[in-house]
Amino acid sequence: MSDTQRYQLTQDHRELVESWGMNRRTVSYVFRPTTAEQIADVFTLAKSTGRTIALRGAGCSYGDASLNAEQIVLDLSRMNRILEWDPDSGVITVEPGATIRNLWLYIIEDGWWPPVVSGTSFVTLGGALGMNIHGKNNFKAGPIGDHVLAFDILLPTGKVKHCSRDENGELFHAAIGGFGMLGIFTRITLQMKRVYSGLLRVNAFSTTGFAEINAALEEHRAQSDYMVGWIDAFSTGKSFANALVHTANYLAPGEDLNPAQTLRVVNQEISPTIMGIVPRSLLGKLLQPFNTNPGMRLINLAKSIQASVTESGHTILQPHAQFAFLLDYVPDWKFAYKPGGLIQFQSFVPFDQSERVFTRQIELSQKLGIIPFLGVYKRHKPDDFLMTHAVDGHSFALDYPYTDQNKAGLSFLVQQMARLVVDAGGRFYYAKDSLLPADLARAGMGEERIARFAAIKSECDPERILRSDLSRRIYDGFAG
Ligand SMILES: Cc1cc2nc3c(=O)[nH]c(=O)nc-3n(C[C@H](O)[C@H](O)[C@H](O)COP(=O)(O)OP(=O)(O)OC[C@H]3O[C@@H](n4cnc5c(N)ncnc54)[C@H](O)[C@@H]3O)c2cc1C
């Protein structure tokens, strides 16, 4: 059987494909190729049947970025080999389906760590480049694209282009962050970060209100490698926007007396049980009864009190993996949001506007009684990628439960919050979006960037085969 025959739009390829936030489920024809030739065959199939293709890595985007209802989904997770690794220079080449977890497990014992990671390690490198992910070090290290040396991209026309800053530089800067609309990363080369210990020095302190957290982040910015704030959106009055802030630093050479031990994988991971008894996999279920405003208010309050007693003002040494991927050690925590799921709304606002906009976002949420269960605050710097989401300012990522009862109110709330962002010259992050209306999404990006991206898309994908539910929702007209 030839590959072209193997890829048919048959019932056995029809699958339920879900957004990570479980807020949207679609049925698509799903293909999981392992070679560039097989990818090309899926394109042949799409062209001959008049279908479109959405690319999917691990499906960790909260909304519809890798969904394509009733069309084709090209799942790249089986193309997950590490192709080359040089432990002297820290340069690694991977297939797009390799995950950040695959990466750190492979390199850490040689004294390297991925320079930029997301809050979960389960994302693929293809997906990470597709969205140009940022970490808690964005203010210093920039997005992952800043650490990409080169990639091969397979275009829907069948051409493969090798891209770096010097070769096909325009495509390099458009495809990274191009949400899978221009072509498929098939081979990615990245520079890893040298580390001299498996531990980070982590400090914690509390703040109240956005003016205070902004001032604290500015004070710590120059000397910190990572910074993140966890803001309690239930807090009101004098405690409004209570936050626990973590800053972290790499250890300098010689500070860790036994780096060979701390860099060992076994010393990075958290035990699968709590206090040796309760399996962490049960936590998602245990949290389910708290999936209500009063329940989450209680959890946020308990977290604030526990943090101010045991964490605030303290310094600890913490393994990289535990600091970076804490939520990965609570398997299926998102199931606490079942049956409706969750959405995240992450907006990026310039420095001088962020206090006002984010204060107002919480006030609006509280007024409507639709309060985010989790609020994560970060400092960012601008980058030179075409479809960038970063600004010189802050981002606030808000997790809201998504239910039959609140969905209309939530859409209204998102629009109100998004309007504030646009008016302040801010941006949105498509990896976290589920509900942005097209006009506000476009206003956040700006028509000039959209026009440049559309022109590049016309060259790379003249038949507009690469599309997704996200691209249809926000960019109908050029990529949709
Ligand atoms: C718990 C959690 C925490 C997170 N924390 C962060 C964070 O701290 N920072 C952050 O930036 N993001 C964060 N994210 C979002 C996540 O990093 C992004 O959504 C990322 O893109 C997911 O990668 P994926 O492999 O799952 O890709 P998918 O979600 O499957 O796809 C993402 C995009 O990449 C495209 N794509 C996938 N593979 C390829 C390819 N080979 N070639 C071209 N395009 C491709 C897709 O079309 C899609 O547009 C978090 C997500 C979760 C669930």
Side-chain angles (χ1 to χ4, degrees), residues 7 13 15 17-20 24 26-47 51-80 94-100 118 122-133 144-145 148 151-161 163 171-172 174-188 385 387 429-431 433 453 456-457 460-475 478-480:
Y7 294 137
H13 282 291
E15 289 181 22
V17 188
E18 193 176 60
S19 63
W20 190 88
R24 196 171 148 79
T26 53
V27 174
S28 296
Y29 294 95
V30 181
F31 298 92
R32 295 188 180 81
T34 52
T35 63
E37 292 71 31
Q38 290 175 356
I39 296 175
D41 289 329
V42 178
F43 274 90
T44 305
L45 174 69
K47 286 175 191 173
R51 303 275 171 161
T52 64
I53 297 177
L55 308 179
R56 186 170 172 94
C60 285
S61 295
Y62 278 66
D64 46 6
S66 59
L67 303 188
N68 203 12
E70 289 302 327
Q71 303 289 322
I72 293 173
V73 168
L74 187 53
D75 177 331
L76 294 143
S77 58
R78 288 176 69 211
M79 289 181 72
N80 58 9
V94 299
E95 287 188 321
T99 61
I100 286 182
S118 44
F122 300 129
V123 311
T124 66
L125 269 305
L129 264 62
M131 288 299 180
N132 203 10
I133 64 164
I144 195 156
V148 175
F151 58 75
D152 286 350
I153 187 165
L154 172 60
L155 305 180
T157 54
K159 277 194 200 137
V160 175
K161 291 222 172 181
C163 299
L171 184 54
F172 181 89
I176 295 178
F179 53 107
M181 287 297 108
L182 301 182
I184 299 141
F185 303 114
T186 50
R187 187 183 167 94
I188 302 166
F385 294 92
M387 301 301 270
Y429 186 23
Y430 303 148
D433 174 45
F453 191 69
I456 299 170
K457 169 120 179 131
C460 295
D461 182 17
E463 294 171 73
R464 295 181 178 183
I465 290 177
L466 288 174
R467 300 192 206 180
S468 64
D469 287 357
L470 169 86
S471 80
R472 265 184 289 275
R473 175 165 59 85
I474 61 177
Y475 283 126
F478 86 84

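The structure presented is a predicted model; accordingly, all values stated were derived computationally and were not measured. Reckoned from all heavy atoms, side chains included, excluding hydrogens, waters and symmetry mates.
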Quick one, V27 and E70 - any side-chain contact, counting heavy atoms below 4.5 Å? yes
Value for OH (Y29) from CD (Q71), rounded to nearest 0.5 Å, stands at 9.5 Å
Salt-bridge criterion met for R473 and D433 (N-O under 4.0 Å): yes
Which heavy-atom pair separates P462 from T157 by the least distance, and what is that distance? CD-CG2, 3.6 Å
Using side-chain heavy atoms (C-beta onward) and a distance below 4.5 Å, is I176 in contact with V148? yes
So how far is it from M79 CE to L125 CG, rounded to the nearest 0.5 Å? 13.0 Å
Heavy-atom nearest pair, I153 first then A175, reads CD1-CB, 3.7 Å
Beyond-backbone contact of L74 with P33, side-chain heavy atoms, under 4.5 angstrom: yes
Please identify each residue that fulfils side-chain hydrogen bond (donor to acceptor under 3.5 Å, both in side chains) with D461, with sequence neighbours left out. K457
Just how far is it from atom CG of D64 to atom CH2 of W20, taken to the nearest 0.5 Å? 15.5 Å
Taking all heavy atoms of P96 and all of L76, pick out the closest pair and write down the distance. CG-CB, 4.5 Å
Under 6.0 Å between ring centres, would you say that holds for F179 and Y475? yes
Can a salt bridge be assigned to the pair D152 and K161 using a cut-off of 4.0 Å between side-chain N and carboxylate O? no
So F172 and F385, would you call those rings parallel, tilted or perpendicular, with 30° and 60° as cut-offs? tilted
Where do L155 and L182 come nearest, in terms of heavy atoms and distance? CD2-O, 3.5 Å
Are R464 and T52 side-chain neighbours, meaning at least one heavy-atom pair lies under 4.5 Å? no
Lys/Arg-Asp/Glu bridge criterion (N-O < 4.0 Å) met for E15, R32: yes
T124 versus G57, closest heavy-atom pair with distance: OG1-CA, 3.5 Å
Using the side chain to side chain contact (heavy atoms under 4.5 Å, CB included) rule, take R24 and E18 through it: C-alpha gap first, then chi angles, then the decisive distance, then the call. CA-CA 6 Å; R24 196 171 148 79; E18 193 176 60; over 6 Å; no
Would L45 and R51 count as a side chain to side chain contact (heavy atoms under 4.5 Å, CB included) here? Give the steps. CA-CA 8 Å; L45 174 69; R51 303 275 171 161; over 6 Å; no
Atom pair CZ (R78) and CD (E95), whose distance is rounded to the nearest 0.5 Å: 11.0 Å
Gap between atom CG of D75 and atom CZ of F31 - 0.5 Å precision: 11.5 Å
Using the side-chain hydrogen bond (donor to acceptor under 3.5 Å, both in side chains) rule, take N68 and R472 through it: C-alpha gap first, then chi angles, then the decisive distance, then the call. CA-CA 9 Å; N68 203 12; R472 265 184 289 275; 2.2 Å; yes
Can you name the one residue among S61, S66, S468, S77 that meets side chain to side chain donor-acceptor pair (under 3.5 Å) with R56? S66
Nearest 0.5 angstrom please: I133 CD1 to I144 CD1, how far? 4.5 Å
With a 4.5 Å cut-off on side-chain heavy atoms, are R187 and F151 touching? no
Run through V42, I465, L55 and flag the one making a side-chain contact (heavy atoms from CB on, under 4.5 Å) with I72. V42
For T99 and F122, which heavy atoms make the closest approach, and how far apart are they? CG2-O, 3.6 Å
